[in-house]
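Here the structure is laid out as structure tokens; the discussion comes afterwards.
Every chain is numbered from 1, with letters handed out A, B, ... down the list of sequences. Heavy-atom basis, side chains included; hydrogens, waters and symmetry copies ignored.
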Number of protein chains: 2
Amino acid sequence: MTIHLAESGDGAVLQPCSHDYQVNCGNCRLNSICLPLALESDDIQLLEDIIQRSKPLQKNQHLYREGDDFQSVYAVRSGTLKAYKTTDDGKEQVTGFYFPGEILGMDGISNNAHASSAKALETAAICEIPFTSLEKLSSLMPSLQRHFFQLMSREITEDQQLITLLSKNSADERVASLMLSISSRYARRKLSATQFRLPMSRVDIGNYLGLTVETVSRVFSRMQKMDILQVDNKEIRILDLPGLQKMANVAG
Amino acid sequence: MTIHLAESGDGAVLQPCSHDYQVNCGNCRLNSICLPLALESDDIQLLEDIIQRSKPLQKNQHLYREGDDFQSVYAVRSGTLKAYKTTDDGKEQVTGFYFPGEILGMDGISNNAHASSAKALETAAICEIPFTSLEKLSSLMPSLQRHFFQLMSREITEDQQLITLLSKNSADERVASLMLSISSRYARRKLSATQFRLPMSRVDIGNYLGLTVETVSRVFSRMQKMDILQVDNKEIRILDLPGLQKMANVAG
DNA sequence: CGACTACATTGATTCACATCAAGGTCGGGA
DNA sequence: TCCCGACCTTGATGTGAATCAATGTAGTCG
């Protein structure tokens, strides 16, 4: 059990902030990822009205913790977060990484309490979407209801991909798949698909993929030796994308 | 690639059936599991009107296949199904078992195509719930919309449990957890929590848990030797529930 | 600046589960 | 009834990743 020193006194509570961040859904660079809706502009305004933007999360600060009352889902505007669960015997399982444009917190709906914790891997700006407002709006806007069902369904299929990865694939394949996944998530934001910085530690990668740090490190070394990847601490450059895909041995 | 000989010519298409099965949601023994809604009786009638009951699925018959157009979600009325994905290199990954009262097919929403296949492990009766009707009804009935969001969220949290199990737990713990999960699902239906028949093969269990048949078999033998379980092929009797829980080492 | 701490790499050894191999058991069909 | 094929169990051996151990590197704070 670590104590999160970096966390400020008010903890994970997001205070609606008076100063504007000059962002709204209409002009947000990420809206094609976050809400790829054929929304009418007045529909966007309705959504806009319920979304709360708040002061950024610092590195290691929690957005919410396992067991917290579920109030909202969250969209990442900048930075990266990890979601994780703590098992009964105190071990940690990273269940996902969330990049800009992605939505997290949906696992809290079923029990009205968050089933996992979410903390910032680096400074992160977040859009908070109060769930009851979202529900009401969904009833009025079929396309929004549909979109949200799809988002949750996507979370399910992605979890199933991870289940398959953990159950059927070797260490090499797992790490390669994660690199490809991160690469495509950068590409989706019009950033380089072949050169990027990993926001998470080797421990987090290993934890997510069901491997130890040492194994992750060895896989990176191996990939480097094979001229598939160039690894400089957290800086990654993909040198041989087809080679990486072959190593991953999965569609992902 | 197996050919499913048991499958009848019309494949997975469910034909609405003229003869009544004397079942409706109002009197269904499973409705506390399937739709634990404080539904007004006229609300139940509205739901009733969109649900289609059809002729039972025979063992090994598919309810839907990976890639099929997504039209409906399904509730199991009797029997058991398994859901599975086929990986690029032809391996199979079992992603879940579905018992009476449980809902499957929600992974198809995100892409309008089923992300996995579902086949009957034994003769099974199914309620089909056309999704577009469900969506429309959800807009009108906030409690139904909420319920469906919760169902999907539960699927997410359960998948995350499995991810943790695969990533962090030993063969013994995995098998013990599955036995406890099945036990509690029987208990929920007011059936014996300590004596039941496994509807799935050892291969399916191993596949679901990321283990080989041999390992599953050995774990059962070990549990039997420890007087935790009595195993007679597919008949299971839990002799020492606390012992089994201790072996599982997880809350699930 | 230098020292402390968290993070990352690399090597040696161990171990849990996979793989390979051989029988055993059950259930359905001729 | 007996036979066949699918399913299950058990044993012997192999191996990929965990564990243990040591060293290297980067970022941080007094």
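OP1 or OP2 of D:dA18 sits under 4.0 Å from a side-chain N or O of A:T212.
Rounded to 10°, the helix from C:dC1-D:dG30 to C:dA30-D:dT1 has 30° between the axis fitted to its first five pairs and the one fitted to its last five.
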Give me the distances for all protein-to-nucleotides 6-8 of chain C N/O pairs that come in under 3.5 Å?
from  : atom 1 : to     : atom 2 : distance (Å)
C:dA8 : OP2    : A:R202 : N      : 3.0

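As rounded to whole Å, 15 Å separates atom P of D:dC7 from atom CD of B:E122. Residue A:R197 contributes atom CZ, which lies 7 Å from atom P of D:dG27 at whole-angstrom precision. Rounded to an integer number of Å, the gap from CZ of B:R218 to P of C:dC20 is 13 Å. In this entry the distance linking NZ of A:K225 with C1' of C:dG11 reads 12 Å, nearest Å. To the nearest angstrom, P of D:dA18 lies 14 Å from CG of B:N169. Separating the CG atom of B:D204 from the P atom of D:dA6 is a distance of 15 Å, rounded to the nearest angstrom.
In this structure the side chain of A:Q230 reaches within 4.5 angstrom of the side chain of A:Q224, judged on heavy atoms. You'll find the side chain of B:T194 stays beyond 4.5 Å of the side chain of B:S183, heavy atoms only.
A side-chain donor-acceptor contact under 3.5 Å links B:S181 and B:R185.
Classification of B:E92 and B:K82 as a salt-bridged pair holds, one side-chain N sitting under 4.0 Å from a carboxylate O.
Of the candidate nucleotides C:dT19, C:dT10, D:dA17, C:dT10 has the atom nearest to the side chain of A:E214.
Cation-pi geometry between A:R189 and A:Y186 is satisfied (NZ or CZ under 6.0 Å from the ring centre, within 45° of the ring normal).
Both A:T215 and B:V231 lie close to DNA chain D; mapped to their nearest nucleotides by heavy-atom distance, the more 5′-ward contact belongs to B:V231.
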Requested in this report: Given ring pair (Phe, Tyr, Trp, His ring centres under 6.0 Å), test B:Y74 with B:Y98 step by step and report yes or no.
Outcome: CA-CA 10 Å; B:Y74 303 90; B:Y98 294 87; over 10 Å; no
